[in-house]
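From a predicted model like this one, the values you see are computed outputs, not experimental measurements. Start at 1 with the first residue, then count along the sequence.
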Amino acid sequence: MPLNYSKWDQLELSDDSDIEGHPNVDKRSLIRWKQRDIHEKREARKTKISALHAEIACNGVLSPRLHRIRATLGSADGGLIYFQQLVERLQTQPSPEAPPTNAKDQPTYDAMVLSLLLQVWDGAKSLPADEREAAVLSGLDAHIKQLAHHTQKLGKDLVDEENEQKKHITSEDIHEGFDSKYTPAKPPPPPVKNAKIDAPTKTKATKTTEFEVLNPTASNSNAPLSSVTPNHSPDSVEEDELEEELPELTPSLEQFSQLSLWEYTQSFNFIQANRDVVVPGASDALLVAAFRAESKGQFGYAKKCVHQSLLLQYCDKLGKDGVRLFFQKMISGDQRAISVFVNDVEGTYSHLKTRAKAAATETSDVQKEQIQLVPENPSATISFNVPDGPPPEDLRLEGPGTEDLDLEQVREALHMRWDVFQSFTEDLKAALKVGTLEEVNRVLGSMEVSVAEDVVAKLDAAGIMSFVSGGIRDETGDEDKEEVEENAE
């Protein structure tokens with residue numbers, strides 16, 4: 001393998017040729033001064049690059065917050081009231097969250113937002129009352145636009161500084177090749193459980209193999225976000241619910257789904273620290289989790305899952321470098337890209353809410369298994385003998401056929417009938433008093449099968465239910481109906 005020595009072309013070292021002679025200064029001292037100067041310039045450039053990174057990250061947190069405030073002010077009635085309440089909350093209950101720097105007296109994010117809002121209000125409070133709200137909106141728009149332009153300039157400065165740093169090689173960059181150890185690249189994390197992975201579509205030619213390109217604009221870093229809108233539909237999730245195995249959230253994805261909405265820097269940092277978030281099936285698992293959460297009434301969490309699912313889909317559709325391209329647009333405050341993404345999240349979540357409600361309605365409309373009392377043949381009838389109360393103390397047996405009956409046994413049977421009747425629910429007791437088969441079946445149909453079966457057994461044992469000829473058929477709602485034959489009383 002040929003050796004490449006081109007990296008030494010930009011080597012910057014001090015030697016005698018850099019030094020103008022001086023009778024009172026030796027050459028070694030001049031060389032040390034020159035090296036010290038190079039080192040100080042390099043350290044200054046490192047510090048500047050670090051500061052640019054920190055400021056860009058800070059703006060990446062502030063920009064989405066300002067966009068949300070602007071959107072709420074523009075859509076809500078009584079926008080100035082919301083504005084004043086927000087200012088009061090930031091003054092009295094500020095969040096301690098701040099940029100991760102060691103700077104002394106580093107202001108928090110809430111303090112920076114409050115300072116900007118107060119500047120906006122200073123420019124609007126002197127205007128007539130009916131013009132203040134429009135002035136506040138205009139002021140916010142101006143600050144948002146200014147922040148976006150400033151962030152873009154910082155990004156350009158950062159690229160320039162990093163390119164300038166690469167032009168100079170100092171002794172700190174020199175490493176002996178044989179002292180380094182080869183470290184193999186980490187294998188890519190596996191896809192989520194039950195992920196559906198489509199094999200790439202191939203088209204074979206005579207001597208070449210062509211792969212179908214899913215997104216021709218992915219290689220273009222300037223491609224607008226709207227041109228790579230991913231395909232997603234909660235309808236597919238609802239259909240997949242009928243299957244046994246669906247993509248499942250990994251522990252990392254579960255943490256990722258809990259991140260705040262529109263906090264792009266927070267999501268980007270999490271992805272950088274957790275490679276197993278951007279894997280096949282991750283966006284589908286989040287969409288499944290969103291549908292289930294919405295069905296359980298966990299609306300806030302469901303929207304977060306939709307947000308993170310679409311975020312991963314956009315990164316995937318933007319190509320191999322999609323994560324960097326997507327977050328570069330979001331964090332830099334690209335208003336067109338942010339608008340496309342926000343509208344997509346809101347639209348997808350709205351559609352998911354609709355489908356979840358429809359699925360819940362369809363589930364409730366499915367006829368459940370139930371017990372119904374049906375005469376075995378049209379000539380048979382079913383009636384109900386409802387006791388008025390417990391047997392009287394002076395119970396007497398009168399009429400033909402009562403001579404051989406035991407009074408105490410009859411009393412005990414009547415007591416049992418009353419106790420059984422009293423053990424029933426109020427709606428069943430009311431239906432039995434009405435005495436119609438339709439009313440009793442209505443109550444039985446609302447019960448669980450096991451409970452209704454127990455009720456029927458008690459009605460029969462206590463003698464409350466009676467019928468003439470035929471029998472009773474147990475209709476459970478299935479095609480196979482089990483028949484329960486009873487002897488006529």
Can you tell me how far the [atom1] atom of [X] sits from the [atom2] atom of [Y], to the nearest 0.5 Å?
X	Y	atom1	atom2	result
Glu439	Arg442	CD	CZ	4.5 Å
Ser383	Ile464	OG	CD1	12.0 Å
Leu114	Arg89	CG	CZ	10.0 Å
Ser332	Ile338	OG	CD1	7.5 Å
Leu312	His307	CG	NE2	10.5 Å

Salt bridge flag under 4.0 Å for residues [X] and [Y]:
X	Y	result
Glu346	Lys303	yes
Lys458	Asp454	yes
Lys304	Glu263	no

Is there a side-chain contact between [X] and [Y] (heavy atoms, below 4.5 Å)?
X	Y	value
Leu286	Gln313	no
Met465	Leu373	yes
Pro94	Tyr109	no
Pro64	Gln266	no
Val345	Trp262	yes
Asn274	Phe256	no
Met330	Ser267	no
Gln308	Leu311	yes

Which heavy atom of [X] sits nearest a heavy atom of [Y], and at what distance?
X	Y	result
Thr108	Ala98	CA-CB, 3.8 Å
Lys329	Ala337	CB-CB, 4.0 Å
Ile56	Ile331	O-CG2, 3.9 Å

Could you check whether Thr425 and Asp427, counting side-chain N and O atoms only, form a donor-acceptor pair closer than 3.5 Å?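 There is such a pair (donor and acceptor under 3.5 Å, judged by atom type) between the side chains of Asp427 and Thr425.
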My understanding is that only residues two or more places apart in sequence, or in another chain, count here; which of them pass side chain to side chain donor-acceptor pair (under 3.5 Å) with Asn269?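 In terms of side chain to side chain donor-acceptor pair (under 3.5 Å), with neighbours along the sequence ignored, Asn269 is linked to no residue.
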Angle between ring planes, Phe326 versus Tyr264, binned at 30° and 60°: parallel, tilted or perpendicular?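 Rings of Phe326 and Tyr264: perpendicular, as their planes differ by over 60°.
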Parallel, tilted or perpendicular for Trp121 and Phe83, by the 30°/60° rule?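 Ring orientation, 0 to 90° scale: tilted.
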Using modelled atom types and a 3.5 Å cut-off, is there a donor and acceptor pairing between side-chain atoms of [X] and backbone atoms of [Y]?
X	Y	value
Ser309	Ser283	yes
Arg70	Asp141	no
Thr354	Ser350	yes
Asn343	Ser339	yes
Ser423	Val420	yes
Ser63	Asn59	no

Quick one: do Glu294 and Val306 satisfy side chain to side chain contact (heavy atoms under 4.5 Å, CB included)? Show the steps, please. CA-CA 10 Å; Glu294 185 70 23; Val306 170; over 6 Å; no
Test Leu414 against Trp418 for side chain to side chain contact (heavy atoms under 4.5 Å, CB included), laying out the working first. CA-CA 6 Å; Leu414 293 176; Trp418 175 250; over 6 Å; no
Of the options Ile69, Leu147, Leu140, which is the one that meets Leu116 in a side-chain contact (heavy atoms from CB on, under 4.5 Å)?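 By the side-chain contact (heavy atoms from CB on, under 4.5 Å) criterion, Leu116 pairs with just one of Ile69, Leu147, Leu140: Leu140.
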Which residue in the set Tyr314, Phe268, Phe341, Phe270 passes ring-ring contact (aromatic ring centres under 6.0 Å, His included) when paired with Phe327?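 Of the listed options, the one satisfying the test is Phe268.
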From CA spacing to verdict: side chain to side chain contact (heavy atoms under 4.5 Å, CB included), Val113, Leu86: CA-CA 10 Å; Val113 172; Leu86 176 61; 5.6 Å; no
Side chain to side chain contact (heavy atoms under 4.5 Å, CB included) assessment of Phe424 paired with Leu459: CA-CA 10 Å; Phe424 293 148; Leu459 288 172; 3.5 Å; yes
